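See below for the structure under consideration.
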Amino acid sequence: MSDTTQMLKGILDGCLLAIINEGEIYGYELAAKLESYGFHSLSEGTIYPLLLRMQKEGLISATLRKSTAGPKRKYYTLTEKGERELELFIGRWEQVSSSVDNVLNKKGDMKNGLKGV
């Protein structure tokens with residue numbers, strides 16, 4: 001497992017929910033969108049197990065539809081539970097990313113008035 005994949009563990013679910021929230025989407029298209037956002041090291045083999053688990057958890061629903069080219073495609077949409085989970089993820093992400101930014105930019109000492117701790 002690459003260092004990047006290890007860091008993404010837990011974050012990918014939220015990213016998938018956010019993309020699916022934009023509108024109905026099928027797996028390959030989802031992988032292409034992730035690639036366009038800069039997730040270059042992810043394969044469909046990484047994404048599909050996550051989608052299956054999220055479907056089992058009731059966060060997304062899937063519908064098989066005819067394709068104009070090739071076999072049927074499974075299109076994913078967010079459920080109400082998925083929408084709530086996305087909102088929770090966004091709140092958690094804002095808190096974590098702000099904290100990491102503070103550490104990397106060394107803002108913690110100034111914010112908390114700590115010196116030499």
Side-chain angles (χ1 to χ4, degrees):
M1 185 179 290
S2 76
D3 293 341
T4 303
T5 303
Q6 190 62 32
M7 285 182 77
L8 286 174
K9 204 172 183 178
I11 295 172
L12 267 180
D13 284 4
C15 292
L16 291 171
L17 290 173
I19 292 171
I20 295 169
N21 191 48
E22 294 172 6
E24 191 175 60
I25 190 168
Y26 61 96
Y28 179 79
E29 187 180 25
L30 187 53
K33 264 204 174 182
L34 282 170
E35 172 91 17
S36 76
Y37 286 126
F39 292 95
H40 303 295
S41 62
L42 297 178
S43 69
E44 290 176 56
T46 302
I47 296 166
Y48 285 111
L50 296 175
L51 293 171
L52 182 60
R53 182 182 47 74
M54 291 166 60
Q55 189 177 354
K56 286 180 181 178
E57 292 174 358
L59 301 174
I60 60 175
S61 61
T63 307
L64 277 176
R65 293 227 183 92
K66 274 187 179 181
S67 169
T68 56
K72 290 183 178 181
R73 290 181 178 156
K74 192 182 274 192
Y75 285 84
Y76 300 96
T77 56
L78 232 51
T79 62
E80 286 184 28
K81 184 177 179 182
E83 290 173 2
R84 289 191 302 272
E85 184 60 32
L86 176 57
E87 288 176 21
L88 290 171
F89 170 79
I90 291 169
R92 291 187 303 258
W93 175 252
E94 287 172 350
Q95 182 180 9
V96 168
S97 66
S98 173
S99 297
V100 170
D101 285 345
N102 287 338
V103 169
L104 295 178
N105 296 317
K106 299 180 180 27
K107 292 181 181 175
D109 292 347
M110 293 182 283
K111 257 188 185 176
N112 298 318
L114 301 174
K115 295 191 187 333
V117 175

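Being a predicted model, the structure only gives us computed values, none of them experimental. Basis for what follows: all heavy atoms, side chains included, without hydrogens, waters or symmetry-related copies.
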Original post:
Do other residues, nucleotides or ligands put more than 12 heavy atoms under 6.0 Å from the CD atom of Glu22?
Top reply: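 It does: Glu22 CD has more than 12 such atoms within range.
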
**OP:** Give a yes or no on whether Tyr48 atom OH has more than 12 heavy-atom contacts from other residues, nucleotides or ligands under 6.0 Å away.
**Re:** yes

Close side-chain approach of [X] and [Y], heavy atoms under 4.5 Å:
X	Y	value
Glu35	His40	yes
Leu51	Tyr76	yes
Leu17	Ile60	yes
Leu86	Leu59	no
Asp13	Arg53	yes

[atom1]/[X] to [atom2]/[Y] distance, rounded to the nearest 0.5 angstrom?
X	Y	atom1	atom2	value
Lys33	Tyr28	NZ	OH	14.0 Å
Arg73	Leu64	CZ	CG	12.0 Å
Asn102	Ser97	CG	OG	9.5 Å
Phe39	Thr46	CZ	OG1	12.0 Å
Glu85	Lys81	CD	NZ	8.0 Å
Thr77	Ile25	OG1	CD1	11.5 Å

If two hydrophobic side chains count as joined below 4.5 Å and joins carry through other members, does [X] share a cluster with [Y]?
X	Y	answer
Trp93	Leu88	no
Ile90	Leu50	yes
Leu8	Val100	no
Leu30	Tyr37	yes

**OP:** Report yes or no: does Thr79 contribute a side-chain atom to a donor-acceptor pair with the main-chain N or O of Gly58 at less than 3.5 Å?
**Re:** yes

